[in-house]
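As the structure is a prediction and not an experimental result, all values here were calculated from the model. In what follows, chains are A, B, ... by sequence order, proteins preceding strands, each numbered from 1.
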Amino acid sequence: MYRLVLLLWALAAVAQSPKYGVGRTPTPDEIHQWSFSARPDGKGLPAGSGSVAPGKEIFTNRCSKCHGSAGQGGDAAPLVGGRGTLNTAKPLKTVESYWPYATTVFDYVKRAMPFNQPGTLTDDQVYAVTAYVLFLGRIVPENAVLDARSLPKIRMPNRDGFVPDPRPDVR
Amino acid sequence: MIPIHRIRRRQWLGATALGAALSACKQNAPVADEGPRLLGATVRPYGERSEFETAKRLLANDRYLEESQTRTPLGESVGILTPSSLHYERHHSGVPRIDPAQHRLLIHGLVDRPLVFTVEDIRRLPSVSRIYFLECSGNSGSEWGARPAATAQQSHGLASCSEWTGVPLSLLLAEAGIQKSAQWLIAEGADACKMVRSLPVSKGMDDVLVAWGQNGEPLRPEQGYPLRLFVPGWEGNVNVKWLRRIEASDQPAMARDETSKYTDLMPDGTARIFTFIMEAKSLVTYPSGGDKLKPGFCEISGLAWSGRGLIRRVEVSTDAGRTWKDASLQEPRLPRAFTRFRLPWNWDGSEAQLQSRCTDETGYVQPSNQQLTVLRGLASTYHYNGIKAWKVAADGSVTHV
């Protein structure tokens, strides 16, 4: 019996250990440096904070050329407006009308915007410009201060608007 | 073997009006020995196609060509494989220039042993080669609206088929010791916007590849060189290119490209999220929009594919869907790859309407436009897979319907 247990334990250990031994173990610091991703429950949001007023300045200097002075759209998509249009013949999908999570705004702007200079905003600037976009979308008040604690708490207008994939739906 | 009508059509398309007139004369000239011959070109280290061939990817009329797409010339496709140079593209922040010696893939999160792989590491591990289609979920999206695109390339060109070579992701996840609590994989690219998508671990453990090869050579830069995720049968965007990081997670990232984009808005205002599978689709590629037919024999030919597996049947109609005939399916027929279908046809010179309808191994039948729009309305943008029709006018011109 004891031998059997020992054998099973050995087999389990083999199954869990790497088979090829290719690749190396990263340091925790390396993982941290490499792995920015902010998700709806706030995990991954960095330290720092930002508010609407500095966000407006950043938006004017770094975003408005493409998205319009008040986020209404230009060369690039509108970021606000369209609330209440999703079930109409002319739906307008924006951060305000469509996006289910505020954390996605931070995640996306930090990784991808400004479009022609991604990765050039500090975390404080990303919090601030996120606050301004959400203010433009009438989702946060003018005195809002966003950080890793407050951002995940924001409830987006279309938070409950998404349903799982029912396909095949044509039968 | 390229059918003879195709060669004629290629020459027709490639030539100027004068050239076409001349080559038409030449085609009618008697076949004769041309006497002394010049030597051909010398050998060369990397091949190019014939200077007489002109099929090209079609660029979109977009404001930023880094955030844009190109379409495969399906109307001129031959067989089931797309040359890498004609494979469709969709990028969100341009094609990065990556030195494979500098590139790394990190696997971390809910794993027992986080790992960093070099490209050399990946290529040392056991790889497989598989032929799979890849399709953007926005493909044939113009068919939702009242103005469908004019050619097969414009309407359906965001789909291509290649042989992909890579290491099964399941092998890498086992190597890292993925934990039971991991439900999602968050995959990130090394492009300027570090594009990110989430996919369920169940798919990752099934048939997903970390691909490094395409059609017998390393991936093209625009296909993710040096490493990409390849997710058979699932929408293009989740096949993250320039793959640099995979995080095992208990939750999806809810990234911009799986919430704001690549979600399907329904008439009631709700949107379907994580609509990964590309359902069965087919289209006649010859004759198709922009072609000009002469009466007489013409082999109808086209492509069918399904994200759920094998194509079991393709039916073709030449009378706007009133009657259907089974097309022959060319071997090899492979799951989640293009299947080439063919049907001999004698065009009698009267108006005709060509359609194709495929059935996959699950029994799913490609729906009509009406079946789709009744259920999903006109604003869902993605995942259109309805039957495509081409009109052949009495003068032989082929146009979209």
At a heavy-atom separation under 4.5 Å, does [X] approach chain B through its side chain, its backbone, both, or neither?
X      : result
A:F36  : backbone
A:A77  : neither
A:P164 : backbone
A:K19  : both
A:Y101 : side chain

Please determine whether the number of non-hydrogen atoms from other residues, nucleotides or ligands lying under 6.0 Å from atom [atom1] of [X] exceeds 12.
X      : atom1 : value
B:Q370 : CD    : no
A:Q72  : CD    : yes
A:K93  : NZ    : yes
B:Q179 : CD    : yes

Inset, instruction - Using only heavy-atom distances, determine whether the side chains of A:R39 and B:S249 contain a donor-acceptor pair under 3.5 Å. - result: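 Result is yes, a qualifying pair exists.
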Legend entry - Note: A:D169-B:R376 ion pair, threshold 4.0 Å (strictly below):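 Looking at A:D169 and B:R376, the cut-off is met.
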Legend entry - Salt bridge flag under 4.0 Å for residues B:R63 and A:D75: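 Judged by the 4.0 Å cut-off on N to carboxylate O distance, B:R63 and A:D75 do form a salt bridge.
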What are the two closest non-hydrogen atoms of [X] and [Y], and how far apart are they?
X      : Y      : answer
B:E175 : A:G21  : OE2-N, 2.7 Å
B:E279 : A:R167 : OE1-CD, 3.5 Å
B:Y364 : A:V170 : CE1-O, 4.0 Å
A:A112 : B:C193 : CB-CB, 3.5 Å
B:V116 : A:P26  : CG2-CB, 3.4 Å
B:E247 : A:K43  : OE2-NZ, 3.7 Å

Inset, instruction - Write out, in numerical order, the residues from residues 184-191 of chain B with a heavy atom short of 4.5 Å from a heavy atom in chain A. - result: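 Near chain A, by residue number: B:I186, B:E188.
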Any side-chain heavy atom of [X] sitting closer than 4.5 Å to one from [Y]?
X      : Y      : value
B:T259 : A:Y98  : no
B:R256 : A:D107 : no
B:P114 : A:E30  : no
B:L265 : A:L86  : yes
B:K194 : A:P118 : no
B:V196 : A:R111 : yes
A:F162 : B:T263 : yes

Non-hydrogen atoms of chain A under 4.5 Å away: do they reach the side chain of [X], the backbone, both or neither?
X      : answer
B:L375 : side chain
B:H92  : backbone
B:R308 : side chain
B:Y64  : side chain
B:S368 : neither
B:P267 : backbone

Legend entry - Donor-acceptor contact below 3.5 Å, side chain B:T270 vs main chain A:V163: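 Checked: no pair found.
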Inset, instruction - Test side-chain contact (heavy atoms from CB on, under 4.5 Å) on A:Y20 and B:L125 and set out the steps. - result: CA-CA 8 Å; A:Y20 300 97; B:L125 289 166; 3.6 Å; yes
Legend entry - Cationic tip of B:R245 above A:W34 ring, under 6.0 Å, 45° of axis: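 Output no; distance or angle outside limits.
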Inset, instruction - Show your working on side-chain contact (heavy atoms from CB on, under 4.5 Å) between B:Q251 and A:D41 and close with a plain yes or no. - result: CA-CA 9 Å; B:Q251 289 178 22; A:D41 63 1; 3.3 Å; yes
Legend entry - From B:L106 atom CG to A:I31 atom CD1, the distance as rounded to the nearest 0.5 Å: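 Separation between the atoms: 6.0 Å.
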Inset, instruction - Quick one: which of B:S93, B:A176, B:G109, B:P126 has the most heavy-atom pairs under 4.5 Å with chain A, could you say? - result: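 Heavy-atom pairs under 4.5 Å are most numerous for B:P126.
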Legend entry - chain A interface, residue from B:L378, B:L171, B:T118, B:D264 that has the most non-hydrogen pairs under 4.5 Å: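 Highest number of pairs under 4.5 Å: B:L171.
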Legend entry - side chain to side chain donor-acceptor pair (under 3.5 Å) between A:W99 and B:S260, intermediate numbers included: CA-CA 6 Å; A:W99 291 32; B:S260 170; 3.1 Å; yes
